[in-house]
Amino acid sequence: MSGPTDILTVAQMGEADRQTIVGGVPGFVLMQRAGAAVAEAIAARWSARRTVVLCGPGNNGGDGFVAAKALADAGWEVAVALEGEPGALRGDAAQAAHAWGGEIGALSTISLNGAALVIDAIFGAGLSRPLTKRVADILRAAEASGAPIVAIDLPSGLPGDASAPLDYAPRCALTVTFHRRKPAHVLQPARSLCGEVVVADIGLQSAPTQLFENTTQLWAGRLPWPKTESYKTERGRLIVISGEMWSTGAARLAARAGLRIGAGLVTILSPPDALIVNAAQSTAVMVRPFDSDVELEEAAENADAAVIGPAAGVTEATVANLLALARTGAAMVVDADALTVFRDDPGELFQALDRDDVLTPHIGEFERVFPGLLKQTPERITAVRRAAERAGAVVLLKGPDTVIAAPDGRCAVNLNGSPWLATAGSGDTLAGFIAGLIAQGMDSFEAACAGVWIHAEAAARHGPGLISEDLPELAVGVMRDLWEGRG
C-alpha cells in the first residue's frame, strides 16, 4: 500500500530520493523543488520581512540556499549564514550556494540581528548526534528573539525517526517537509516542536509501507454501513461486561457508544447485584444477568464482539470472565482492569487472544502488560508494533499521539487527538466505538483506527465542558459526515 497517508522512516525517504534520482531526476532539481516549496509555504503565511536563513553544510542547507534565493527574487530582504566554510560545500549544496549568488555570513548569534523570520536549514532528519553547544545557543537565541522559526524538513536536533530531540531542538512555527511525514512529525513531544507541518510534493517515487497517518483515507471506504435490506441482527451483536453494583457506569458508556456507532444489538451482561442499576439506566441497550464465568460464556455464545475491562475489577473473576469470552470466539476489546489483572502473568492473557482482539491500554496499563518495552524502545511506534507481535492481537496505546498496531505489521499514528478527552470515562467510550465497529464486521485494526479518529473528532466538536456521556451523541454528527462523504 502506498499513498499520501504513508509515514516513511529516514531510510525509506533516502531510498525514495535515490530511486527518483536513478529514474532520471537530478538531485539538484529535487533540491530546487524543495527550496521553492519552502519559500511558497512561507509567502503564504507571512508578509515580506527581513529573513535570516541558517544553513548547514549538507543538503538541508542546500534547500535553505534555494529558499533564500526564491524569497529574495520575490522582493524579500534575505540574509544567509552558513555553518562552516562555503568552500567546503559539495555536490548539490555547493551548486545551490553558487546559485544564491549573495553574501554568505558565518553562523552566529550576530547573524540573527534584525531577523523578523528565521529559517532553520542547519540539519535535517538524518542527524544522529546532539547539536553542538554553539549551534544550540544560536537556535536558542533565535527562539528568544520572538521571530517565527521555519524548519526545513525538521527542527535541527530532532532525528527523523525519533519522538524527541537528542538534546535540544527549537520550537518552530512551521515545518516544511517533503513527500511524506516521518515519525518525528507525528509523535509527541517531537510533533509539538514542528509546529504546523506542510508536506510538499517534490515528485519523489514512493515505496510500499505499513506505517500510516490515521486519517479517514485509511479506513472510511470500509466502514460498515447498513444496506437497504439490513436487519438489526445483521448489524452485529455486541456485549459489554459490567462491573459490580458500584462500578457500572463504565459499561453503560461503552454500550451506548457501541449502539451509536451502529451495532444492531447491544447487551450489558451484568452481575446480579448490579442488574437493577444497569436496567434502570438502559433503554435501547438490553441487560442480562450472569453469575459465573460459565453463565457468561453461555450468554455470550452468539456475540460478534465484546468489551471487557472497564470498571470490571482487578479480581480473579475478571480473569475467568475474559477466558470465558475467549472461548466463545467473539472478538474482544480488552481495556482497563482486564489488562491490569494480568500484570503478574501477561502470557496468560496473550495465550487467550487472537488476531481479531484489541487491547486498548493507556501508558500505565501498557507498562504493566508489556513491562520494560517502552524503556527498551522509547519510540512508541516500534514499542507498540512489538507489543502487537508479542500479544498476537491489535494493540492501541492511548495518548496525544495514539499509536495502533496489528500483529501483521500494520501501524497507524493518530493526528487529531483532543485534549478535551482528558475526562473520566472517555476510554470506556472509545472501547465501545471500536467494539461496535468490529461487531458489524469491520477489520479489527481498521475498526481501532476508525474508533480513535471518530472519538477525537467528536471531542473536538464539543470542546470545553466535554464529558464522556457527550461522546456517543457527538459521534452521530461525525458518522453522518462520513456517510455523506463516502462517495
Side-chain angles (χ1 to χ4, degrees), residues 224 231-245 247-248 250-259 261-275 277-279 282 284-339 341-342 348-360 391-394 428 430-442 444 447-448 451:
Y231 291 91
K232 60 187 177 184
T233 53
E234 295 170 335
R235 297 190 66 194
R237 296 178 172 88
L238 169 63
I239 58 172
V240 180
I241 313 307
S242 172
E244 301 292 334
M245 180 169 60
S247 304
T248 59
R252 290 195 300 278
L253 283 170
R256 181 77 174 175
L259 192 67
I261 210 141
L265 290 169
V266 182
T267 303
I268 294 174
L269 298 182
S270 173
D273 70 344
L275 191 64
V277 176
N278 280 319
S282 301
V285 173
M286 297 177 287
V287 181
R288 180 176 173 181
F290 76 96
D291 201 17
S292 68
D293 58 305
V294 174
E295 289 186 9
L296 175 62
E297 186 174 351
E298 293 173 353
E301 184 178 7
N302 294 317
D304 299 297
V307 175
I308 183 168
V314 183
T315 65
E316 285 301 316
T318 297
V319 173
N321 289 341
L322 184 141
L323 298 178
L325 286 176
R327 292 191 293 270
T328 68
M332 295 186 293
V333 176
V334 184
D335 188 36
D337 291 347
L339 294 167
V341 75
F342 288 98
E348 184 179 12
L349 171 62
F350 302 156
Q351 289 174 3
L353 300 175
D354 67 31
R355 301 171 72 85
D356 294 329
D357 298 327
V358 181
L359 311 184
T360 58
V394 175
D428 308 322
L430 174 61
F433 284 157
I434 296 169
L437 291 169
I438 295 172
Q440 296 171 77
M442 196 173 187
S444 293

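Annotation for Gly258 and Leu238: closest pair CA-CD2, 3.7 Å, computed over non-hydrogen atoms. For Val307 against Ala435, the heavy-atom pair with the smallest separation is CG2-CB, 3.4 Å. The heavy-atom pair separating Pro289 from Leu275 by the smallest distance is N-CD1, 3.9 Å. Leu322 and Met332 make their closest contact through O-SD, 3.8 Å (heavy atoms, listed as atom of the first residue, atom of the second, distance). The two residues Gly432 and Ile261 come nearest to each other via the heavy atoms O-CG2, 4.5 Å. Of all heavy-atom pairs between Ala352 and Leu323, the closest is CB-CD2, 3.7 Å.
If you take CD on Glu301 and CZ on Arg327, they are separated by 12.5 Å, rounding to the nearest 0.5 Å. To the nearest 0.5 angstrom, Met286 atom CE is 10.5 Å from Ile268 atom CD1. Note: Leu259 CG to Arg235 CZ = 9.0 Å, rounded to the nearest 0.5 Å. Distance check, rounded to the nearest 0.5 Å: CD1 of Ile241 to CG of Asn321 gives 7.0 Å. Note that OG1 of Thr360 and CG of Asp428 are 9.0 Å apart. Values are rounded to the nearest 0.5 Å. The CD1 atom of Ile308 lies 8.5 Å from the CD1 atom of Ile239; values are rounded to the nearest 0.5 Å.
Using a 4.5 Å heavy-atom threshold, the side chains of Leu359 and Asp357 count as separate. In this structure, Pro271 and Phe290 have side chains that are in contact, with non-hydrogen atoms separated by less than 4.5 Å. In this structure, the side chains of Asp273 and Glu244 come closer than 4.5 Å at one or more pairs of heavy atoms. The closest side-chain heavy-atom distance from Arg252 to Val285 is not below 4.5 Å. Side-chain contact between Leu253 and Pro310: absent, with no pair of heavy atoms (C-beta onward) separated by less than 4.5 Å. Counting only heavy atoms from C-beta outward, the side chains of Glu348 and Val341 never approach each other to under 4.5 Å.
Here the side chain of Thr328 pairs a donor or acceptor atom with the backbone of Leu325 at under 3.5 angstrom.
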Checklist line | Stepwise side chain to side chain contact (heavy atoms under 4.5 Å, CB included) check, Leu296 with Leu269 | finding: CA-CA 8 Å; Leu296 175 62; Leu269 298 182; 3.4 Å; yes
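Counted by atom type alone, Asp337 and Thr318 present zero donor-acceptor pairs between their side chains at under 3.5 Å.
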